[in-house]
Amino acid sequence: MTIDRIWSKFELKPHLTDGFKLSTDPLFVDQVVDVVGLYHNPPEKAGCAVCG
């Protein structure tokens, strides 16, 4: 599923928002770094599970 289809399915329009809020979670930056790191350098033989 493409990003456009996901946005359309859930009627998301992030390009029309005036602003955004950042998480106040003290571990937020570490968690983002972990997720982006996995995206850019996935483990060998990694799998992906989607729940929904």
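Given the structure is predicted, the values throughout are model-derived calculations rather than measurements. For this chain, numbers begin at 1 and follow the sequence in order.
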**Asked** Under the side-chain contact (heavy atoms from CB on, under 4.5 Å) test, which residues partner F10, sequence neighbours left out?
**Response** I6, L12
**Item:** With sequence neighbours excluded, residues passing side-chain contact (heavy atoms from CB on, under 4.5 Å) with T24
**Value:** none
**Side chain proximity check, P43 to L38, heavy atoms < 4.5 angstrom** = yes
**Item:** Results of side-chain contact (heavy atoms from CB on, under 4.5 Å) for V36 - residues two or more places apart only
**Value:** V32, H40
**Complete:** Those residues at least two apart in sequence (or on a different chain) that pass side-chain contact (heavy atoms from CB on, under 4.5 Å) with K13 are H15, L16
